[in-house]
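Quick caveat: nothing in here was measured; it's all calculated off a predicted structure.
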Amino acid sequence: MLEPPKTTQSPPFRITRASHLAYTVRDLSRSRDFYTEVLGLVVSDEDRDTLYLRGIEERVHHSLVLKRTDGAPACIRAGLLTEDEEDLEKAKFFFTQRGMRAEFVEVPHQARTLHTTDVAGTPLELYSKMTRAERLDQRFEALRGAGALRFDHYQIAAPDIQKAASFYADLGFRIVDYMVVSGQPVGIFLHIKDTVYDVVFIRRPGPALHHYGYIVGGINDIIRACDVAGRLGYGDHVEFGPGRHSLGHSYYVYLLDPDRHRVELLPPPSYYGDADDGPVVHDLTGVPRVTESWGLPPRSSWLKNASLFEGTVCTSPPPGGPEPSLEAYLKMT
Ligand SMILES: [Fe+2]
């Protein structure tokens with residue numbers, strides 16, 4: 001049986017947190033409505049082909065970048081914030097030494113930015129400084145939808161998650177939860193900032209973006225997002241939840257945006273731990289509900305669908321046990 005990888009205490013460069021995502025959508029205006037009205041994100045900037053969004057307490061220019069496409073919607077990159085510019089130089093050296101392409105690029109509203117990929121093939125964007133923006137969480141009269149506060153984490157589907165987690169543990173990420181089925185890791189949850197998660201790997205065909213999460217003020221904001229989604233014709237885009245995870249201890253809802261990219265809303269962390277707590281190993285062999293402490297399992301779309309990354313080849317892990325979908329659960333009961 002594999003063990004959770006050990007976190008290095010002296011990473012080659014310093015990552016502060018998972019910071020943002022960029023992906024493509026077919027109709028920027030429709031996406032703008034969804035993200036501002038349902039999630040309550042604010043528009044930092046926009047032009048004909050790009051929309052920059054942020055949560056209401058974020059002081060960075062963007063945590064979500066949407067680009068217009070005429071093709072199939074896809075994810076472009078996942079963003080990681082480094083401590084300072086010196087860390088970007090060290091990161092370039094680190095990735096290049098491992099045979100991974102790493103190049104500095106110009107990105108609007110971000111200072112020096114490094115494009116590279118992780119060992120799972122996830123296209124990454126590392127930067128240390130971004131245009132500053134006003135914090136809007138006290139503008140109560142302007143708040144919309146869930147009033148999403150800040151970007152929290154993203155989850156990547158990948159076939160070899162042990163390799164992916166080892167890579168991030170070598171960069172200083174700590175493993176919080178380590179899910180195992182029949183001796184195989186099926187979900188590895190890592191963080192580097194002081195909330196529960198930053199980057200999560202789930203054993204499925206990938207690399208692909210399964211979802212990302214924004215923190216909201218509380219459970220009432222999750223319900224409000226569902227209410228607004230329903231009113232705007234997105235009732236069937238409330239894909240999973242509201243419910244409560246048994247891992248991470250968080251309430252959640254997963255919504256599909258107009259292009260079926262998946263976003264999770266969750267309240268501020270209800271679990272705080274110490275840096276030396278070490279991973280909690282969850283053996284889920286034969287457990288009918290993997291991620292919920294109550295309620296029904298996710299529908300099969302939540303288990304199977306993910307946003308592919310542009311220009312990457314998706315590969316599948318060896319067959320494992322069936323994941324407990326709502327459809328399978330209903331057949332059993
Ligand atoms: Fe999540």
Side-chain angles (χ1 to χ4, degrees), residues 18-25 39 63-64 66 72-80 117-124 151-165 167-168 173 175-179 181 184-191 196-215 237-243 245-248 250 252-266 282 284 289-292 297-310 312-317 320 322-326:
S19 61
H20 68 279
L21 282 167
Y23 51 76
T24 59
V25 300
L39 268 66
S63 50
L64 212 54
L66 309 188
C75 195
I76 304 171
R77 279 182 194 278
L80 294 169
T117 56
D118 69 13
V119 75
T122 316
L124 295 177
F151 188 90
D152 186 62
H153 67 273
Y154 56 80
Q155 178 168 306
I156 302 294
D160 189 345
I161 63 172
Q162 183 75 11
K163 187 169 79 169
F167 180 83
Y168 279 84
F173 284 68
I175 295 170
V176 187
D177 291 302
Y178 187 82
M179 281 168 35
V181 173
Q184 278 285 334
V186 295
I188 307 180
F189 299 67
L190 306 105
H191 72 157
V196 185
Y197 305 135
D198 278 281
V199 180
V200 178
F201 286 99
I202 203 88
R203 185 175 181 269
R204 293 197 194 127
L209 174 72
H210 182 265
H211 73 267
Y212 59 95
Y214 270 91
I215 301 284
H237 285 225
V238 180
E239 188 189 32
F240 182 32
H245 286 310
S246 47
L247 281 70
S250 179
Y252 63 83
V253 70
Y254 293 86
L255 304 169
L256 298 173
D257 85 351
D259 293 278
R260 307 196 88 78
H261 299 299
R262 186 178 293 109
V263 55
E264 177 185 15
L265 300 178
L266 64 162
H282 307 264
L284 302 172
R289 294 185 185 88
V290 166
T291 57
E292 306 75 48
R299 59 174 98 165
S300 59
S301 65
W302 187 88
L303 296 167
K304 289 182 180 153
N305 299 342
S307 302
L308 300 178
F309 284 99
E310 281 183 341
T312 62
V313 178
C314 198
T315 54
S316 296
E323 293 195 270
S325 67
L326 173 63

With a 4.5 Å heavy-atom cut-off, do [X] and [Y] have their side chains touching?
X      : Y      : result
Thr117 : Leu124 : no
Val196 : His191 : no
Arg299 : Lys304 : no
Thr312 : Pro123 : yes
Leu39  : Leu255 : yes
Tyr154 : Leu80  : yes
His20  : Tyr212 : no
His153 : Leu266 : yes

Look at the side chain of [X] and the backbone N and O of [Y], then say whether any donor-acceptor pair between them is shorter than 3.5 Å.
X      : Y      : answer
Glu239 : Trp302 : yes
Arg262 : Leu256 : no
Arg204 : Leu303 : yes

Closest non-hydrogen atom pair, [X] against [Y]:
X      : Y      : answer
Leu326 : Pro297 : CB-O, 3.4 Å
Pro298 : Pro324 : CD-O, 4.1 Å
Ala158 : Ala120 : CB-CB, 4.1 Å
Ser19  : Ser63  : O-CB, 3.6 Å

Rounded to the nearest 0.5 Å, how far does [atom2] of [Y] lie from [atom1] of [X]?
X      : Y      : atom1 : atom2 : result
Tyr23  : Ile76  : OH    : CD1   : 10.5 Å
Leu21  : Leu66  : CG    : CG    : 10.0 Å
Phe309 : Thr122 : CZ    : OG1   : 5.0 Å
Phe189 : Gln155 : CZ    : CD    : 5.5 Å
Ile161 : Ile156 : CD1   : CD1   : 12.5 Å
Leu190 : Asp198 : CG    : CG    : 8.5 Å

**OP:** Taking ring-ring contact (aromatic ring centres under 6.0 Å, His included) as the test, write out the residues that go with Tyr168, two or more places apart.
**Re:** Phe173, Phe201
**OP:** Can you label the angle between the Tyr254 ring and the His210 ring as parallel, tilted or perpendicular, going by 30° and 60°?
**Re:** perpendicular
Original post:
With sequence neighbours left out, what residues match Asp257 under salt bridge (Lys or Arg N to Asp or Glu O under 4.0 Å)?
Top reply: none
Original post:
With sequence neighbours left out, what residues match Glu310 under salt bridge (Lys or Arg N to Asp or Glu O under 4.0 Å)?
Top reply: none
Subject >> Centroid-centroid under 6.0 Å between His261 and His237 rings >> reply: no
